[in-house]
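Worksheet: the structure to be examined is printed underneath.
Chain identifiers are assigned alphabetically (A, B, ...) following the order of the sequence lines, protein sequences preceding nucleic acid strands; residue numbering begins at 1 within each chain. In this text, all values refer to a predicted model and were calculated from it rather than measured experimentally.
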Amino acid sequence: MKVIPHLASRAARGKNLTICYGIHDFPVGKILVALTAEGICWLGINCTEATLRDNWKGAEFVEDAKVTARAAREIARRWPEKLGQLSIPVVLYGTAFQLKVWKELLKIKSGSTVTYEQIAQKIGSPKAVRAVGSAVGKNTVSIVVPCHRVVNKASGKVNYGWGPAVKKALLKAEAA
DNA sequence: ATTTACCGTGCTT
DNA sequence: AAGCACGGTAAAT
């Protein structure tokens with residue numbers, strides 16, 4: 001899977017971007033898929049257009065489910081085992097810290113989980129566990145960048161931007 | 001059982 | 001430009 005990183009703050013990332021989006025069915029809910037000219041930049045679960053717009057301030061939006069259907073179908077077909085073989089590039093806009101964290105998430109295999117603490121150690125900021133938590137929560141391409149595979153060390157607590165139930169469903173479906 | 005410390009980000013003032 | 005709230009975990013009170 002090709003990854004195209006861009007250094008950008010949340011406030012600046014929509015500038016001069018045209019985003020094409022559509023909503024499609026997925027096993028754990030409806031997914032809102034958004035594409036730039038480079039590749040997929042956003043995937044939200046049961047996500048509204050308002051949330052998309054809020055996350056890409058300054059961008060121009062075009063709804064076209066015909067265009068996004070190809071991407072959505074490929075993701076559904078490859079998930080979870082073969083997501084790494086996605087033909088569509090993954091476009092990441094974030095700060096240096098967020099990009100480090102998100103790239104680390106890409107290394108987590110389907111069926112396994114890691115803790116926020118382990119990510120913090122892997123990126124060389126062992127004390128930045130909370131910062132990792134917020135960076136994971138700001139992941140823009142859910143499912144493809146598997147932020148749902150990061151769990152609390154003390155099992156039992158489940159936190160997820162699209163709702164704990166969705167996270168549980170994703171992990172259950174991926175479990176070996 | 002509550003409080004404290006650690007880090008990065010984004011929102012509000 | 002400064003302040004505040006989040007988010008995960010361990011350690012001290």
Side-chain angles (χ1 to χ4, degrees), chain A residues 3-19 21 28-29 31-36 38-61 80 83 89-176:
Chain A
V3 177
I4 305 177
H6 293 283
L7 207 49
S9 69
R10 173 182 157 93
R13 68 185 177 209
K15 227 171 181 305
N16 304 319
L17 264 193
T18 298
I19 291 176
Y21 70 94
V28 301
I31 55 174
L32 191 161
V33 174
L35 312 173
T36 68
E38 292 182 319
I40 179 167
C41 68
W42 177 264
L43 195 160
I45 302 164
N46 300 326
C47 166
T48 64
E49 183 188 330
T51 302
L52 175 71
R53 285 178 181 275
D54 192 49
N55 274 277
W56 297 90
K57 295 190 202 308
E60 185 183 323
F61 297 92
L83 267 186
V90 178
V91 186
L92 302 178
Y93 283 82
T95 63
F97 186 85
Q98 288 163 347
L99 293 175
K100 262 202 247 179
V101 171
W102 298 340
K103 285 178 186 171
E104 202 58 46
L105 301 186
L106 256 0
K107 299 180 188 166
I108 311 170
K109 292 169 309 220
S110 173
S112 63
T113 58
V114 303
T115 64
Y116 296 91
E117 188 177 36
Q118 288 174 320
I119 299 281
Q121 287 165 354
K122 287 231 188 103
I123 64 172
S125 311
K127 292 190 195 158
V129 183
R130 312 194 70 181
V132 167
S134 59
V136 169
K138 285 167 188 152
N139 173 35
T140 50
V141 197
S142 302
I143 299 176
V144 178
V145 177
C147 56
H148 58 283
R149 295 181 193 147
V150 187
V151 301
N152 289 83
K153 193 170 194 182
S155 56
K157 298 172 205 163
V158 180
N159 181 30
Y160 194 56
W162 309 115
V166 174
K167 183 167 181 172
K168 288 180 197 161
L170 286 167
L171 290 175
K172 188 173 178 192
E174 293 180 356

Hey, do the aromatic rings of A/Tyr93 and A/Trp56 have their centres closer than 6.0 Å? yes

Do the side chain of [X] and the main chain of [Y] share a donor and acceptor less than 3.5 angstrom apart?
X        : Y        : value
A/Thr18  : A/Glu60  : no
A/Gln121 : A/Gln118 : no
A/Glu174 : A/Leu171 : no
A/Asn55  : A/Thr51  : yes
A/Ser9   : A/Ala12  : yes

What's the [atom1]-[atom2] distance between [X] and [N], to the nearest Å?
X        : N      : atom1 : atom2 : answer
A/Lys122 : B/dC7  : NZ    : C1'   : 20 Å
A/Arg13  : B/dG10 : CZ    : P     : 7 Å
A/Lys100 : B/dC7  : NZ    : P     : 13 Å
A/Arg10  : C/dA5  : CZ    : P     : 19 Å
A/Asp54  : B/dC11 : CG    : C1'   : 11 Å
A/Asn139 : B/dG10 : CG    : P     : 13 Å

Pull out every protein N or O sitting under 3.5 Å from an N or O of nucleotides 9-13 of chain C, one pair per line with the distance.
{"residue": "C/dT9", "atom": "OP1", "partner": "A/Lys153", "partner atom": "N", "Å": "2.6"}
{"residue": "C/dT9", "atom": "OP2", "partner": "A/Asn152", "partner atom": "ND2", "Å": "2.9"}
{"residue": "C/dT9", "atom": "OP2", "partner": "A/Lys153", "partner atom": "N", "Å": "2.9"}
{"residue": "C/dA10", "atom": "OP1", "partner": "A/Lys153", "partner atom": "NZ", "Å": "2.3"}

I need the minimum non-hydrogen distance between A/Cys147 and A/Tyr160, along with the two atoms involved. SG-CE1, 3.8 Å

How is A/Ser125 classified with respect to the nucleic acid when contacts are heavy atoms under 4.0 Å: base, sugar-phosphate, or nothing? nothing

Using a cut-off of 4.0 Å on non-hydrogen atoms, how would the nucleic acid contact of A/Ala131 be classed: base, sugar-phosphate, or nothing? base

Nearest 0.5 angstrom please: A/Arg10 CZ to A/Gln98 CD, how far? 10.0 Å

Please pick, from B/dG8, B/dG10, B/dC7, the nucleotide with the shortest atom-to-atom distance to any side-chain atom of A/Gln98. B/dG10

Terminal axes of the helix from B/dA1-C/dT13 to B/dT13-C/dA1 (five pairs each): angle between them, nearest 10 degrees: 50°

Hey, does the side chain of A/Ser134 come within less than 4.0 Å of B/dT9's phosphate (OP1/OP2), counting only N and O? no

Salt-bridge present (A/Arg53, A/Glu49; N to O < 4.0 Å): yes

